[in-house]
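Dropping a structure here in structure tokens format, bear with me for questions.
Nothing here was measured: the structure is a model prediction, and the numbers come from that model. When a ligand or atom number is given, it counts from 1 through the structure's own listing order.
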Amino acid sequence: MNKLVRFFLVIAVVSAVLLYAISSLNSSQGYTGSNTLTVFNWGDYIDPDIIKRFEKETGIKVIYETFDSNESMMTKIEQGGTNYDIAIPSEYMIDKMRHEHLLIPLDHSKLPNLKYIDNRFMDLPFDPQNKYSIPYFWGTVGIVYNPKMLHGKKITSWNDLWASNLKNKILLTDGAREVIGMGLNSLGYSLNDTNKQHLIEAKEKLDTLTPNIKAIVGDEIKMLLANREASVGLVWSGDASEIMSQNEDLDYVVPKEGSNLWFDNMVIPKTAKNIEAAHKFINFMLDPKVAAKNTEYVGYSTPNKGALKYMPKEVVNDERFYPSPELTEKLEVYKNLGKKNLAYYNELFLQFKMHRK
Ligand code: SPD
């Protein structure tokens, strides 16, 4: 045998041994290459123990990736080259995705736990008959604040944030629709306004809030507010509830001018490689005990009526985080405003962020 043949033989044997080692490592954990599920979710939006439990019970390995806005999630899915089996966007993005044929219709016969979802969260205009999406969490947008740091002063309105005593005290969640929405609402306009003049007015009004803004941040907003690094925050209700569980001095209010009511639902994107496992995952998340545990960890409001009996009474009865249908009726759900208008919201938000620098 000449040297070259011997060299290739050694390489082939070493590769075979390595391949065998890797595959036996995988199978010792109960996974095979095709038995994986790729989940694409918001950061800080699931109890990691639940993923472990799902893997243990089903033998399906979960690959987990996060995003920080509907827009960045959409960009990744539109770009292709990904194989997400599950994603958890908000209502206006679900509407956009289904119109752009980016979602796979769900097989409801594989989701027996769907019966636990409160009817109030089913069959909403962004996804009639829940053909493409299943409720995960819901909530509002509002202001979390520390009355002690504001000398007992209450905040009730978006316009309160422009007060001169709030210099450098406000944190904003890094969301285009949330921040531009605050500008629109503070002027009495709709959160779905597409009138250019109104949008420019809203952006200009936001520019005047600049001296009061300490930072525009992502999930770290919770830690910063709980640690008293700022006294006011524009947040999603679930983040407020999480912050308040760490610092009892804080309170949460949905401003009187109005605000946003939102829904985050589970979908199966067109990129999915394991549709069977995706249905198993959705059904697993709908189990009342699983949903209750996830809700307790994440802090957001569950649409799962079966889960409520496993949750502390004081959480379920807290109207700030489980507002009644009468209260939510007064709030606005974001609409899919179409490509051009959504891009304009993003552009104005970017300009606003640049203005601060
Ligand atoms: N850290 C989890 C954040 C989830 C927020 N979803 C709310 C989106 C409202 N459009």
### Residue and atom name of the nearest protein heavy atom (relative to atom 8 (C) of ligand 1), distance in Å to one decimal
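I find the closest protein heavy atom is Ser90 OG, 3.3 Å.
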### Task
Determine whether Lys273 and Asp85 make a side-chain contact, defined as any pair of heavy atoms from C-beta on separated by less than 4.5 Å.
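Yes, side chains in contact.
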### Query
Any idea which protein heavy atom is nearest atom 3 (C) of ligand 1, and the distance to it?
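Sorting protein heavy atoms by distance from atom 3 (C) of ligand 1 puts Tyr300 OH, 3.5 Å first.
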### Message
Tell me which one of Tyr136, Trp236, Phe137 satisfies ring pair (Phe, Tyr, Trp, His ring centres under 6.0 Å) with Trp42.
### Response
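Only one option passes, and that is Trp236.
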### Query
Is there any ring pair (Phe, Tyr, Trp, His ring centres under 6.0 Å) pair reaching into residues 280-316, and which pairs are they, with sequence neighbours excluded?
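As it turns out, the ring pair (Phe, Tyr, Trp, His ring centres under 6.0 Å) pairs with a partner in residues 280-316, which skip direct neighbours, are Tyr45-Tyr300, Phe54-Phe281, Phe54-Phe284, Trp262-Tyr300.
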### Query
Is the count of non-hydrogen atoms from other residues, nucleotides or ligands lying under 6.0 Å from Lys115 atom NZ greater than 12?
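Result for NZ/Lys115: enclosed.
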### Query
Taking non-hydrogen atoms only, is Asp219 closer than 4.0 angstrom to ligand 1 via side chain, backbone, both or neither?
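Looking at Asp219 and ligand 1, just side chain atoms fall under 4.0 Å.
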### Task
For atom CD of Gln129, decide whether the heavy atoms of other residues, nucleotides or ligands shown that lie under 6.0 angstrom number more than 12.
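Count not over threshold, so no.
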### Query
Does ligand 1 have an atom under 4.0 Å from some heavy atom of Glu178?
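Yes, that is the case, since the closest heavy atom of the residue is under 4.0 Å from the ligand.
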### Task
Distance to 0.1 Å, residue and atom name: give those for the protein heavy atom nearest to atom 6 (N) of ligand 1.
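Here the closest protein heavy atom is Asp264 OD2, 2.7 Å.
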### Task
Check the surroundings of atom CD in Glu201: do more than 12 heavy atoms from other residues, nucleotides or ligands lie under 6.0 Å from it?
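Counting other residues, nucleotides and ligands, CD of Glu201 exceeds 12 neighbours.
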### Task
Quick one: look up the protein heavy atom nearest atom 1 (N) of ligand 1 and list residue, atom name and how far away it is.
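Nearest neighbour among protein heavy atoms for atom 1 (N) of ligand 1, to 0.1 Å: Gly43 O, 2.8 Å.
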### Message
Which residue and atom name correspond to the protein heavy atom nearest atom 5 (C) of ligand 1, and how close is it?
### Response
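Closest protein heavy atom to atom 5 (C) of ligand 1: Trp236 CE3, 3.6 Å.
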